[in-house]
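To keep things clear, I will list the structure first and then write my remarks on it.
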Amino acid sequence: MVRLEKINVNINCFMVAAILLIFFLMMALNSYTPITVDDMVSMFSKNMTKIESISDIIANEKYKYIYANPHQVGNFIAGVLLLLDENIANLINSMVFCIFIYLVYNYSMIDKDRFGSQKVIDSAITSLIFLVIWVSMPKFGNTFLTVSSFAKYVWTSIICLIVLIEARKIALKDKEVKDKVGDSLGISKMLVLILGSFFAGWSQENLAISVISIMIFYLVKAFLSKKEDLVILILSLISMLTGFLIMMSSPSRKIVTQDSLIVERDLYDGLSRVSVFDNEFVNYILVFMLVAIVLLVISRLVYVEKNWEAEIYLLAGILSFFSMSLLSSTEKNPSFAPILFFIISSLISFSVIRKRYLKFTMLLTGLVLLAYVVLFSMSLPDALLANKNYLSKYSAREIIIIDNRTNGYLENIQVPKIKANNPYMAAYRSLDCSKDPKFWVNQYISKYYNVGSVLVR
């Protein structure tokens, strides 16, 4: 008779509750978010032909690599998501967003097992990471609710974070990181790490540059510590550099088409083109950088002999900021990568401080969390209402187009203009229809609904 032993599953109910709340909020926001014009662009090929298969996506990305942009990793993921049913894509992206939050939280786990009561503070930190991103990340909706932007920023960031977390385990294992690995990585895991490094290098300019700098740090640390998995980090760095060179050598960087000039000219409804070094973005970045520096200095005073990981992530954020000049002028949220690395640097420094002053850091975390909960509570009702109203107006416009198409009226269909004025909306600061039926936004909307042309009344 086989004896069944009791399996002890240690589930952090507080963490599960925090993740579920984040998931359901993102699902609610995604359910209020219709297809944006940025997503429509990703749904059609260069000949304005509907993309209907993986092979169509690959063929279109070959063209984009030469003539449009070199971000094939994010573009491909967006293309696949847009092939799926909208509800399924919303479900997947909401889950992926939670994974992203958890991976960022992972950097606060140094010497976690030394604490007595950990579950509450773990869930508090996870919640705080989300709230900081919600309150302080510029253009939240356009970044996290638009399928094309979500793939470009969050999906590629997850690839980069997984690579860095695995490299971190190799460089720091058995000493500073709780999640220890065995004597060596398995062949399959090694191949996944090397392949992931290639895609991380081909992710996005200011994200990839930061990841490369951090990978070099882990490689040097592993070399000085004589880690046996050093060769894996070397191969991963080579793979990462290869992906980066492919991205940077794209012919599209030297091509300026008439269409791109029109997009730049009309960006933000006739307002002056927003530079990646615009004050709005710089102010956000400087605040995050200042917080990271303060926590870093305190952690160094608390533990002089700690490693230089927090400093490296801070440097990576600074490198990411200065490399924003490599990004295209139509970049939606250029401050995403610098802020991400400043948050991680802050978490690493905070984990060092927490290790020695647990009660104080728990109190501080509680106070900061309370402040952000208040800010979140003040912005959430307006965000939900704005998205709900936008969807209502979007649906009304959609009915107009479909009714005209059903009745055989395919040309110059007159529709109302829809404004998105809340930063938690996917279409925030994005273009909408104009009175010119030949305007590129109008053309994509026409193709999406399979009509001849549309224009604003």
Side-chain angles (χ1 to χ4, degrees), residues 19 22-23 26-27 29-30 33 35-36 38-39 41-43 51 54 57-58 60-61 64-65 68-107 129-130 133 137 139-166 192-212 214 239-240 243-244 246-247 320 327-328 331-341 343-344 426:
I19 293 295
I22 295 171
F23 170 77
M26 293 304 295
M27 274 295 295
L29 288 172
N30 276 308
T33 303
I35 292 294
T36 65
D38 293 330
D39 292 335
V41 171
S42 299
M43 297 173 72
I51 295 175
I54 299 295
I57 297 174
I58 295 173
N60 193 47
E61 289 311 313
K64 283 186 176 181
Y65 179 77
N69 67 69
H71 306 132
Q72 274 56 59
V73 176
N75 291 347
F76 179 81
I77 295 172
V80 173
L81 289 171
L82 290 169
L83 288 177
L84 303 175
D85 178 81
E86 187 175 345
N87 292 325
I88 296 176
N90 289 341
L91 175 65
I92 292 174
N93 280 343
S94 298
M95 294 172 61
V96 168
F97 183 81
C98 293
I99 294 172
F100 169 71
I101 296 295
Y102 185 83
L103 288 176
V104 175
Y105 149 80
N106 198 283
Y107 285 88
I129 292 169
F130 165 72
I133 291 176
M137 182 71 75
K139 299 172 66 177
F140 181 95
N142 196 274
T143 304
F144 299 108
L145 298 178
T146 305
V147 175
S148 52
S149 293
F150 190 86
K152 184 177 182 180
Y153 294 112
V154 180
W155 278 84
T156 56
S157 293
I158 285 178
I159 295 173
C160 294
L161 290 176
I162 290 175
V163 168
L164 291 179
I165 287 171
E166 291 302 319
V192 170
L193 178 59
I194 294 173
L195 182 62
S197 298
F198 175 77
F199 292 136
W202 197 355
S203 56
Q204 193 189 23
E205 291 85 346
N206 64 336
L207 179 60
I209 287 176
S210 300
V211 175
I212 290 171
I214 296 168
S239 178
M240 192 177 291
F244 182 72
I246 290 175
M247 178 175 63
S320 180
L327 299 171
S328 67
E331 193 69 31
K332 295 294 181 181
N333 196 349
S335 60
F336 177 86
I339 288 177
L340 173 62
F341 289 109
I343 289 176
I344 293 176

Over 60° means perpendicular and under 30° means parallel, so classify the ring planes of Phe97 and Phe140, tilted if in between.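 Correct class here is perpendicular.
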Using 30° and 60° as the class limits, which term best fits the ring planes of Trp202 and Phe198: parallel, tilted or perpendicular?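 Rings of Trp202 and Phe198: perpendicular, over 60°.
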Minimum side-chain heavy-atom gap Lys139-Ser335 below 4.5 Å: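 A side-chain contact is absent here, since even the closest heavy-atom pair is not under 4.5 Å.
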Measuring only between side-chain heavy atoms, which start at C-beta, is Phe100 closer than 4.5 Å to Phe150?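 The answer is no; the side chains never approach within 4.5 Å.
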Give the intermediate values and the outcome of side chain to side chain contact (heavy atoms under 4.5 Å, CB included) for residues Asp38 and Asn142. CA-CA 10 Å; Asp38 293 330; Asn142 196 274; 4.2 Å; yes
Provide the closest heavy-atom pair for Phe336 versus Met137 in the form atom of the first, atom of the second, distance.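 Heavy atoms of Phe336 and Met137 come nearest at CD1-CE, 3.8 Å.
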Got a donor-acceptor contact below 3.5 angstrom from the [X] side chain to the [Y] backbone?
X      : Y      : value
Tyr107 : Ile343 : no
Ser149 : Leu145 : no
Ser239 : Ile194 : yes
Gln72  : Asn69  : yes

Taking only distance into account, with no hydrogens and no angle test, what donor-acceptor pairs under 3.5 Å do side-chain atoms of residues 156-164 form with protein atoms, sequence neighbours excluded?
{"from": "Thr156", "atom 1": "OG1", "to": "Lys152", "atom 2": "O", "distance (Å)": "2.5"}
{"from": "Thr156", "atom 1": "OG1", "to": "Tyr153", "atom 2": "O", "distance (Å)": "3.3"}
{"from": "Ser157", "atom 1": "OG", "to": "Tyr153", "atom 2": "O", "distance (Å)": "2.5"}

Under 3.5 Å, which donor-acceptor pairs link side chains of residues 78-87 to any protein atom two or more places apart or in another chain?
{"from": "Asp85", "atom 1": "OD2", "to": "Asn87", "atom 2": "N", "distance (Å)": "3.0"}

Quick one: do the Ser94 and Asn30 side chains pair a donor with an acceptor below 3.5 Å?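 Ser94 vs Asn30: donor-acceptor pair found between side chains.
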Taking only residues two or more places apart in sequence, or in another chain, which ones meet Asn90 in a side chain to side chain donor-acceptor pair (under 3.5 Å)?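 Per chain and number, Asn90 pairs via side chain to side chain donor-acceptor pair (under 3.5 Å) with no residue.
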